[in-house]
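The sequence lines fix the lettering, A, B, ..., with proteins before strands; numbering per chain opens at 1.
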There are 2 protein chains.
Amino acid sequence: MTVSGSGPSATPTVRDVAEHAGVSPMTVSRTLSGGKNVRAEVQEKVWAAVEELGYHRNENARSIRPGHSSGLIGVAITNLGNPYYGQFALGVEEVASLHGRRIMLGNTGEQLARESQLVSDFIGRQVEGLIVVPTGEGAEHLTPGRLGSVPLVLASRTVEGLDADTVLLDDINGAYEATKALIDGGHTRIGFLGNVLSVSTARRRYEGFVRALHEAGLEPDPALIRRGQQDVAAARRAMEELLGLDDPPTAIFSANNRNTIGALQAIGTRQKDGPAIPAPTLVGFDDVELADMLQVPLIIVSHDPRQLGAQAARMLFDRLDDPEMDESPRLVELPVTVGTLRG
Amino acid sequence: MTVSGSGPSATPTVRDVAEHAGVSPMTVSRTLSGGKNVRAEVQEKVWAAVEELGYHRNENARSIRPGHSSGLIGVAITNLGNPYYGQFALGVEEVASLHGRRIMLGNTGEQLARESQLVSDFIGRQVEGLIVVPTGEGAEHLTPGRLGSVPLVLASRTVEGLDADTVLLDDINGAYEATKALIDGGHTRIGFLGNVLSVSTARRRYEGFVRALHEAGLEPDPALIRRGQQDVAAARRAMEELLGLDDPPTAIFSANNRNTIGALQAIGTRQKDGPAIPAPTLVGFDDVELADMLQVPLIIVSHDPRQLGAQAARMLFDRLDDPEMDESPRLVELPVTVGTLRG
DNA sequence: CTGTTAGCGCATTCAC
DNA sequence: GTGAATGCGCTAACAG
């Protein structure tokens with residue numbers, strides 16, 4: 001793709017710098033890596049040549065030498081457009097930066113094929129480790145056989161049939177506590193909005209939801225359960241369905257960010273256009289910016305995605321820094337806080 | 001950092017695969033790149049060996065060969081934690097993906113030093129092009145001399161003293177129209193919340209703001225101007241100051257996302273705790289999730305950060321696909337929409 | 001159809 | 001202090 005030829009626009013190499021400075025490539029290399037065993041005046045000449053040519057070391061060439069790693073961590077998230085994952089990536093980046101590594105960030109769009117391709121590409125680019133928020137629909141591309149010696153940390157979600165280092169939220173208890181708060185508030189008709197079931201958080205949060213119901217002698221009502229909403233628009237439609245029922249739920253548990261926002265939009269529309277029915281009490285997993293400003297009864301199961309990312313990165317570097325570490329996968333569950341913002 | 005030695009855990013190479021399959025490295029290479037001129041049965045053996053060893057091509061090694069590029073685009077944004085830039089990155093990624101490239105995403109945290117280091121690192125990793133949302137505080141690291149032949153596109157902001165391909169929003173007109181809407185609504189005491197002045201959007205949006213005032217025979221009142229807020233917390237404090245004035249503004253122009261959210265929070269707090277003063281009318285640049293759900297008079301200067309990213313990527317690939325292109329930098333201004341959500 | 005040679009940019013090893 | 005030789009993983013180009 002690039003024109004070769006040693007014209008002036010071609011990327012300069014150590015050799016170009018060496019010629020310019022009137023020394024050997026080796027002297028340039030030495031100067032670049034600290035200048036040990038190079039006379040000060042020679043170093044000056046080298047740096048001048050570097051400056052003039054706009055030379056940058058070729059990190060790819062460096063990384064193919066034996067015993068050297070790329071300094072890259074591959075991070076695969078499901079949706080860059082979701083602020084949640086931006087925060088998550090920021091948490092990973094901060095910790096990686098402390099360990100002198102950069103991140104390569106890729107977006108899977110919740111598609112298994114893209115996740116698989118992304119991971120493969122990351123490995124091809126010699127990442128030292130992988131942090132993946134998996135779609136959950138497949139495990140083969142993440143098995144040790146495929147990854148070779150590249151350590152993997154799963155974040156936020158598990159993958160069935162895959163035993164790897166994992167950091168999760170305390171989904172079950174969070175959902176349980178939040179649902180219990182609704183029940184304690186006198187609600188018995190509680191709706192549920194959730195993600196597709198292939199995503200483990202959807203299953204775990206539903207489990208907590210049901211556990212709280214059972215404990216109160218209640219059964220989940222299938223008519224009030226809507227699952228599979230992956231984006232705000234779908235969530236909004238699902239919520240509109242629930243609100244449109246003859247006997248609508250008096251409270252809703254929303255299992256994530258996207259569903260909560262969709263639900264809030266549906267409530268908002270109804271308050272403006274529809275009959276003046278009191279808005280259902282809403283409990284939502286994940287924080288929502290500005291949630292505390294709304295005129296809707298709202299409880300948030302709160303946590304910091306940045307911490308989730310940071311924890312995933314820490315678990316990865318634990319392994320990278322100590323390859324002799326106990327091989328058995330570790331599972332960490334981060335706590336969540338059930339906070340009443342308005343209610 | 002990695003243990004060398006040819007133990008089983010070492011990353012397999014073409015040679016390992018070749019041995020395993022009982023062929024030469026060249027045959028493996030050919031098979032991997034499509035299988036032209038390799039007998040079907042030999043290919044089978046090769047693929048089997050690939051599978052068994054968990055072999056992945058070393059893209060770094062491939063990319064150092066003459067005439068081959070890395071397939072990477074370096075993207076530097078200022079704040080991964082801002083959903084705005086997540087959307088932006090998504091737009092870049094989508095277009096890059098169409099052109100068969102991946103993105104390396106880095107976060108500068110609005111710090112010039114990190115931006116400079118990031119760009120340098122990107123080049124060291126042989127990115128084919130750069131897309132940068134600059135802090136605006138320095139230009140040297142982005143000059144052609146430093147970048148060599150790596151094309152650059154600036155997004156969202158300009159850098160003083162740097163002439164490069166740039167995609168901006170129509171900041172001035174957007175701010176002008178929005179402010180005019182306030183003036184047409186009868187407001188004369190209009191506050192301003194903005195970013196630090198080193199950021200060109202802050203300057204441009206202020207310019208549009210002042211232009212609308214002047215056109216109406218008004219002067220900006222220094223007592224109502226607060227600039228330099230980079231995050232939500234600072235924006236909130238600034239807004240609280242304005243609200244606390246003896247003669248507070250009846251309307252506010254907020255120059256971005258972060259400031260709008262901080263302002264909304266300040267208004268919310270005051271409505272709950274303070275005296276029942278009518279909330280000022282707020283005009284905000286950039287979309288805000290859930291903005292339409294609030295009980296606050298709000299006008300949004302709306303645009304899609306994803307489009308901004310996509311446009312930046314398109315401008316980059318224009319150059320990559322046609323290196324002979326007219327060298328003079330291009331400037332694109334994307335339109336914005338002033339929409340009344342509530343008011 | 002398949003294998004051998006050679007070289008990409010860099011730095012370790014070994015001479016001088 | 002400095003330089004020459006060598007090899008990292010990969011694949012054009014050139015035999016066979």
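- Side-chain atoms of B:H56 come within 3.5 Å of backbone N or O of A:R146 as a donor-acceptor pair.
- Counting only distance, with no hydrogens or angles, the side chain of A:S200 and the backbone of A:T158 share a donor-acceptor pair below 3.5 Å.
- Classification of A:R157 and A:E137 as a salt-bridged pair fails, no side-chain N sitting under 4.0 Å from a carboxylate O.
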Identify all pairs in which a protein N or O lies below 3.5 Å from an N or O of nucleotides 14-16 of chain C, and state each distance.
none

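- Whole-Å rounding puts the B:H68 NE2 to C:dG7 P distance at 16 Å.
- Looking only at distances, no side-chain donor or acceptor of B:N79 sits under 3.5 Å from a matching main-chain atom of B:G109.
- Considering only residues two or more places apart in sequence or on other chains, B:E115 meets the salt bridge (charged side-chain N to carboxylate O under 4.0 Å, His left out) condition with none of them.
- The overall bend of the helix from C:dC1-D:dG16 to C:dC16-D:dG1, read as the angle between its terminal helix axes built from five base pairs each, is 50° when rounded to 10 degrees.
- Remark: B:F317 engages B:H99 in a ring-ring contact (aromatic ring centres under 6.0 Å, His included) (not counting sequence neighbours).
- Protein chain A touches strand DNA chain D; the 5'-most and 3'-most nucleotides with an atom under 4.0 angstrom of its non-hydrogen atoms are D:dG1 to D:dC8.
- Under the salt bridge (charged side-chain N to carboxylate O under 4.0 Å, His left out) criterion, B:R314 pairs with no residue, sequence neighbours left out.
- Contacts classified as ring-ring contact (aromatic ring centres under 6.0 Å, His included) and involving residues 20-48 of chain B (residues at least two apart or in different chains) are not found.
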Name each donor-acceptor pair under 3.5 Å that joins a side chain in residues 33-43 of chain A to protein atoms two or more places apart or in another chain, with its distance.
residue, atom, partner, partner atom, Å
A:S33, OG, A:S29, O, 2.6
A:Q43, NE2, A:G35, O, 3.0
A:Q43, NE2, A:V38, O, 3.0

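- Between A:K45 and A:E51, none of the side-chain N atoms (NZ, or NE/NH1/NH2) sits under 4.0 Å from a carboxylate O, so this pair counts as no salt bridge.
- Residues from residues 34-63 of chain A placing a heavy atom under 4.0 Å of any atom in DNA chain D, listed by number, are A:N37, A:V38, A:R39, A:V42.
- At a threshold of 4.0 Å, the pair B:E94-B:R306 counts as salt-bridged, since one of the basic side-chain nitrogens sits closer than that to a carboxylate oxygen.
- Under 4.0 angstrom from either OP1 or OP2 of C:dC8 there lies at least one side-chain N or O belonging to A:R15.
- Checked against side-chain contact (heavy atoms from CB on, under 4.5 Å), B:D326 has the following partners two or more places apart in sequence or in another chain: B:S328.
- Heavy-atom contacts from other residues, nucleotides or ligands closer than 6.0 Å to CZ of A:R65 number more than 12.
- If you check residues 20-29 of chain B against DNA chain D, the residues with a heavy atom closer than 4.0 Å are B:M26, B:S29, listed by number.
- Listed by chain and residue number, nothing satisfies the salt bridge (charged side-chain N to carboxylate O under 4.0 Å, His left out) test with B:R57 (two or more places apart in sequence, or in another chain).
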